[in-house]
Every structure is written in structure tokens, then in C-alpha cells.
Amino acid sequence: MLTTAEAQPAGLMRRLGALFYDGLIVIAIEMIAAGVVIAILHALMALSIFDPAPYMDVSDYLTRHPIWGPTYTFYLATVWVYFFVFFWTKAGQTLGMRAWKLQIRNQDGGAISVTQALIRIVTSGFGLANLTVPIDPKKRGFHDIWAKTQVILLDKAQ
């Protein structure tokens with residue numbers, strides 16, 4: 001395995017390509033996660049255990065209820081964050097990064113920690129932090145600088 005210092009840093013276009021792929025995957029996962037909650041609430045309605053009144057329906061209940069609305073939003077955000085943290089810490093790659101032959105590593109070449117993954121997410125600005133890649137001498141995004149990570153280009157898909 002090459003150390004991060006020996007590996008070629010990933011450029012902006014590859015990063016944006018991987019981000020686009022991952023965005024599509026996250027949307028699909030979020031749809032499944034939301035569908036599970038909605039299906040459970042509809043099943044509870046069918047059993048007469050749950051009634052969304054005075055809201056129009058389950059979707060209205062989940063978006064406008066003062067307690068369950070923010071809870072549902074937090075749940076969906078947690079699913080989104082977990083996707084990235086899981087893949088970054090276990091394999092160093094999300095599915096989109098794998099397709100674009102990218103990998104995220106520590107400065108010493110090892111796997112990143114959960115803390116580093118969370119720092120990257122918080123400081124990423126939904127991908128806008130990648131805009132610093134062309135101006136940074138080491139081709140790091142703002143989130144990479146803060147998390148002390150590097151996204152590298154792999155020779156082949158691993």
C-alpha cells in the first residue's frame with residue numbers, strides 16, 4: 001500500500017463525479033428509510049393504533065408535527081451521515097469513490113477514524129469544500145484540511 005505522501009492526490013472533477021454518484025445512492029437509501037417509517041405508520045393506522053388527525057395524512061404528520069417532524073428529519077440526517085461514516089471508516093471508499101478510483105486515508109496512509117469522518121461531514125458544506133482542491137498545493141478540500149485526511153487516486157479499483 002502506498003503511503004499518502006507517495007500517492008497521487010485526487011483532482012476536483014473526480015471528486016465531484018464521486019460526489020454525484022454518492023448523491024444518487026444516498027437519495028435511494030433515504031427513500032427506503034423514509035418508506036419504512038411511512039409503511040410502519042400506515043400499518044399502525046390500519047390496526048387503529050395510530051391516527052394522524054388533525055393532520056391530513058402521514059406525510060403531513062411527519063413534516064408538520066412539532067415533535068415528530070424534527071425527529072423524523074433527524075432520523076433521515078442520521079441515515080445520510082451513517083452512510084458516509086460507515087464507508088469511509090471501513091473501506092476508505094464510498095460506492096461512488098470506488099467507481100471513480102478514489103480512496104480517503106489518514107496522512108499516514110491508514111483508515112480514517114469516526115471522528116475524522118464526522119469532521120469531514122460537518123465541514124464539507126454539502127460538497128462545496130471541494131472547491132478548495134484546485135488552489136491547495138496538496139489538492140485537499142477544506143474538509144480534508146480540518147480532518148487531516150487526503151483523498152487519493154488509486155491505480156486500479158480496489
Determine all donor-acceptor pairs shorter than 3.5 Å in which one atom belongs to a side chain in residues 34-58; sequence neighbours excluded.
| from | atom 1 | to | atom 2 | distance (Å) |
| --- | --- | --- | --- | --- |
| D51 | OD1 | A53 | N | 3.4 |
| D57 | OD1 | S59 | N | 3.3 |
| D57 | OD1 | D60 | N | 2.8 |

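- Using a 4.5 Å cut-off on side-chain heavy atoms (C-beta onward), L16 and W100 make no contact.
- Using a distance-only test at 3.5 Å, with no hydrogens or angles considered, no donor-acceptor pair links the side chain of N130 to the main chain of G141.
- The closest side-chain heavy-atom distance from P134 to L12 is below 4.5 Å.
- Between L76 atom CG and I29 atom CD1 the span is 12.0 Å, to the nearest 0.5 Å.
- Under the 4.5 Å side-chain heavy-atom criterion for grouping Ile, Leu, Val, Met, Phe, Trp and Tyr, M97 is not connected to L19 through any hydrophobic cluster.
- Here salt bridge (Lys or Arg N to Asp or Glu O under 4.0 Å) pairs that include residues 67-82, with residues two or more places apart or in two chains, number zero.
- Atom CG of residue N106 and atom CD1 of residue I112 lie 7.0 Å apart, to the nearest 0.5 angstrom.
- Between I152 and Q8, every side-chain heavy-atom pair lies at or beyond the 4.5 Å cut-off.
- Linking ILVMFWY side-chain heavy atoms closer than 4.5 Å, directly or via other members, places F126 and F142 in two distinct hydrophobic clusters.
- Rounded to the nearest 0.5 angstrom, K101 NZ and L154 CG are separated by 9.0 Å.
- Among residues at least two apart or in separate chains, there is no salt bridge (Lys or Arg N to Asp or Glu O under 4.0 Å) pair with a member in residues 72-90.
- V114 and W88 fall within the same hydrophobic cluster, where Ile, Leu, Val, Met, Phe, Trp and Tyr residues are linked whenever their side-chain heavy atoms come under 4.5 Å apart, directly or through other members.
- The hydrophobic cluster containing L24 also contains L102, counting ILVMFWY residues as joined when their side-chain heavy atoms lie under 4.5 angstrom apart, directly or transitively.
- Considering only heavy atoms from C-beta on, Q107 stays 4.5 Å or farther from T149 through its side chain.
- Other members of the hydrophobic cluster containing I27, listed by chain and number, are M31; membership follows side-chain contacts under 4.5 Å among ILVMFWY residues, whether direct or relayed.
- Residues in residues 124-147 take part in these salt bridge (Lys or Arg N to Asp or Glu O under 4.0 Å) pairs, two or more places apart or across chains: R15-D144, R120-D144, D136-R140.
- Qualifying side-chain contact (heavy atoms from CB on, under 4.5 Å) partners for F87, counting only residues two or more places apart in sequence or in other chains: F83, T94, L95.
- Counting heavy atoms from C-beta outward, F84 and V26 have side chains that approach closer than 4.5 Å.
- Checked against side-chain contact (heavy atoms from CB on, under 4.5 Å), S124 has the following partners two or more places apart in sequence or in another chain: H143.
- Among residues at least two apart or in separate chains, side-chain hydrogen bond (donor to acceptor under 3.5 Å, both in side chains) pairs with a member in residues 68-86 are Y61-W68.
- Under the 4.5 Å side-chain heavy-atom criterion for ILVMFWY residues, no single connected hydrophobic cluster contains both V151 and V122.
- Among all heavy-atom pairs drawn from Y21 and G96, the shortest one is CB-CA, 3.7 Å.
- Residue F74 belongs to no hydrophobic cluster, having no ILVMFWY side-chain heavy atom closer than 4.5 Å to its own.
- When hydrophobic residues (I, L, V, M, F, W, Y) are linked wherever their side-chain heavy atoms come within less than 4.5 Å, I67 remains an isolated member.
- Within the structure, no pair that satisfies the salt bridge (Lys or Arg N to Asp or Glu O under 4.0 Å) test touches residues 28-43, not counting sequence neighbours.
- Between atom CD of residue Q150 and atom CD of residue Q103 there is a gap of 12.0 Å, rounded to the nearest 0.5 Å.
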